[in-house]
Amino acid sequence: MAETTAVKETTKEPLFGKKERKLLTDPLNDNNPITVQVLGICSALAVTSLVYPSVVMAVAVTLVTAFSSLFTSLIRTMIPKQVRMIVQLVVIAALVTVVELTLRYMNYPIYKQLSVYIGLIITNCIVMGRLEAFAMANKPWRSFLDGLGNGLGYGAILIMVGVVRELFGKGSLFAGSPVEMKIIGPTAEYWINTQESVLFGWYTNNNLMVLPAAAMFVIGIIIWIQRSYNSKLVDVS
Amino acid sequence: MDSTRYIVVFILILTSLVAVLLTGIREVTKEQAAINEEIFNKRAILAAVENNLPDGKTVKDLDDQEVLDIFNEKVEQKVVDMEGNELDGVMAEDVDMAKERKKPEAERRLPLFIYSNDGQTDYIVSVRGNGLWDEIWGNIALESDLNTIAGVAFDHKAETPGLGAEIKDNASWGRQFIGKKIYDSEGEYVSVLVKKGGAEKGNPHQVDAISGATVTSNGVTEMLYRGIKYYMPYIKELRGEGATQQGLLVE
């Protein structure tokens, strides 16, 4: 029932008009879930010590927010109001389990590395926040775009933090993946060998960057930079 | 307000659909997931003999099929009990160290992997202990004299990145163990000490601790001492020493 009405509605509206574009791009900057709403911090601190797990986590969360928004929106008129949160949780938990099973099937080492944090996507405030705030009251296509945008906004920050932490903490990028880049370090494997280089002989990795606390500093600096050029954010909060 | 009956029916239908979907996906992916886990565990065991892999490869270079092939062709699996008897009908790869550790000491089973390549034989023993936050574990390869360490590979559940987690991440720290001896010159079992403040130069029973990770380093010392000692009755037998000494050693 809901599905057929959804199709009719979308044919009347442009598939990718101004509003839709705004839904997708707003969470990337002006309404970023991490830097503006300060949601989803737990996993942003925990998994960002390396870039590769950050990318996998970003993809996983994006899929979960996008599709849970889509499914919730599809059944939104049928959901009994008294138990709507439970229904949302069932949808999220099902999708997270699908992601978990898929990771085990496709890439076991990264599944081991992310361990509990995949399961904890269920409790990520961004996902349920979008369902409550948007998908329960909007049509499926727009909800899907809203979920996708928020997932991407979360993922973008995650990857930024991951790049900074891995580069300065370990001297590499994408460690553990097939495209691992060893950039700066004390052996000949690295592009800049600190043992031989005259310019970088003083350089050592910053061990603080490996610890979760460093993610807090990095996110803080990203928020600072974002607010200093984005005038829309100055009066918020 | 929706009626109670509607709510119950709605939830029942929704959860049943979800249950069927998830069971289906699990069934389809189950087999491959089990193989992935097997390869993951076997890589961890081969990491202990990384110095002696075919064609001078590292564990990273091996693809999944090569890992399985090496295990089929070059690894002999044995399971021994705490008295040094070999157990039949069980493969070493099926022994779950985490579960064995929960049993009383006398009932534990110990996995042993005997790896042969290029005429060199390594005995890989598995050890498990406590780090700072949670369990740590590792595979230790002993050379055929059952005294010299040929290589180690450690892993951990929740040690601090950059500190305790270095037991896994820092390859050069792990390489310190190569060539260390577990028996002293008089043939007494002493294991290897992870020494805070730096190992004495030339001491064959000491390696440097990880600075800032004293508890994890001590955990490794303790894990090695205990873990290898469990194998002593069997190792003694392999070294061809009298069975009468066994009682003394277990104590």
Side-chain angles (χ1 to χ4, degrees), chain A residues 46-50 53 71-72 75 78-84 86-113 115-116 165-166 169-170 172 175-176 178 180 185-187 189 205-215, chain B residues 1-44 58-60 63-64 134 155 157-166 168-172 210-213:
Chain A
V47 301
T48 51
S49 68
L50 298 172
F71 291 133
T72 309
I75 57 170
M78 294 188 273
I79 297 175
K81 287 283 165 288
Q82 299 93 320
V83 292
R84 64 178 198 288
I86 297 169
V87 173
Q88 290 162 8
L89 264 185
V90 170
V91 173
I92 299 168
L95 284 165
V96 170
T97 315
V98 170
V99 167
E100 194 166 353
L101 289 171
T102 315
L103 264 186
R104 260 172 77 156
Y105 176 76
M106 285 170 56
N107 194 334
Y108 193 83
I110 201 84
Y111 162 78
K112 272 283 201 192
Q113 195 172 356
S115 64
V116 295
R165 286 181 68 190
E166 183 171 353
K170 300 246 178 194
S172 61
E180 178 167 359
T187 59
E189 288 173 307
N205 285 329
N206 185 344
N207 263 339
L208 174 69
M209 278 297 171
V210 185
L211 302 175
Chain B
M1 281 301 242
D2 296 296
S3 72
T4 311
R5 178 202 286 251
Y6 177 73
I7 294 174
V8 171
V9 170
F10 181 86
I11 292 288
L12 272 180
I13 292 173
L14 181 74
T15 44
S16 317
L17 280 177
V18 167
V20 169
L21 173 82
L22 291 182
T23 320
I25 295 177
R26 199 192 128 79
E27 280 303 311
V28 173
T29 59
K30 198 168 65 176
E31 211 166 305
Q32 185 61 40
I35 295 172
N36 289 349
E37 189 177 356
E38 182 188 337
I39 291 168
F40 185 82
N41 293 336
K42 286 183 170 173
R43 274 181 195 276
T58 63
V59 174
K60 234 186 189 172
D63 64 36
D64 292 351
D134 211 319
D155 203 348
K157 194 166 175 188
E159 296 308 295
T160 317
L163 300 172
E166 293 288 289
K168 180 190 178 195
D169 300 338
N170 190 338
S172 58
I210 299 161
S211 43

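FYI, side chains are in, hydrogens and waters are out, and symmetry mates aren't considered; it's all heavy atoms of this structure.
- How far CZ of A:Arg84 is from CD1 of B:Ile7: 12.0 Å, rounded to the nearest 0.5 Å.
- Counting non-hydrogen atoms of neighbouring residues, nucleotides and ligands closer than 6.0 angstrom, the NZ atom of B:Lys42 exceeds 12 such neighbours.
- Inter-residue side-chain proximity for B:Thr160 and A:Leu211 is flagged as met; some heavy-atom pair is nearer than 4.5 Å.
- Heavy-atom pairs under 4.5 Å with chain A were tallied for B:Ile39, B:Leu14, B:Ile11; the largest tally goes to B:Leu14.
- When each of A:Ile86, A:Ile79, A:Asn107, A:Val91 is scored by its heavy-atom pairs under 4.5 Å with chain B, the top score falls to A:Ile79.
- Of all heavy-atom pairs between A:Lys170 and B:Asp169, the closest is NZ-OD2, 3.4 Å.
- Heavy-atom pairs under 4.5 Å with chain B were tallied for A:Val83, A:Val87, A:Asn207; the largest tally goes to A:Val87.
- Residue-level contacts of residues 93-100 of chain A with chain B, in order of numbering, are A:Ala94, A:Thr97, A:Val98; threshold 4.5 Å between heavy atoms.
- Taking every heavy atom of both residues into account, B:Phe40 and A:Pro109 meet most closely at CE1-CA, 3.8 Å.
- Separating the CE atom in A:Met106 from the CG atom in B:Asn36 is a distance of 10.5 Å, to the nearest 0.5 Å.
- Considering CG of A:Leu101 and CD of B:Gln32, their distance stands at 13.5 Å, rounded to 0.5 Å.
- Of the residues considered (B:Leu22, B:Thr15, B:Leu21), B:Leu22 shows the highest number of contacts with chain A, using heavy-atom pairs under 4.5 Å.
- No side-chain donor-acceptor contact under 3.5 Å links A:Tyr108 to the backbone of B:Glu38.
- Looking at A:Leu208, there are no atoms closer than 4.5 Å to chain B (heavy atoms on both sides), in backbone or side chain.
- Residue B:Tyr6 comes nearest to A:Met78 through the heavy atom pair OH-O, 2.6 Å, listed as atom of the first residue, atom of the second, then distance.
- No other option in B:Glu37, B:Arg43, B:Lys30, B:Glu31 has as many heavy-atom pairs under 4.5 Å with chain A as B:Glu37.
- Contacts with chain A were tallied for B:Val28, B:Val18, B:Thr29; B:Thr29 has the most, counting heavy-atom pairs under 4.5 Å.
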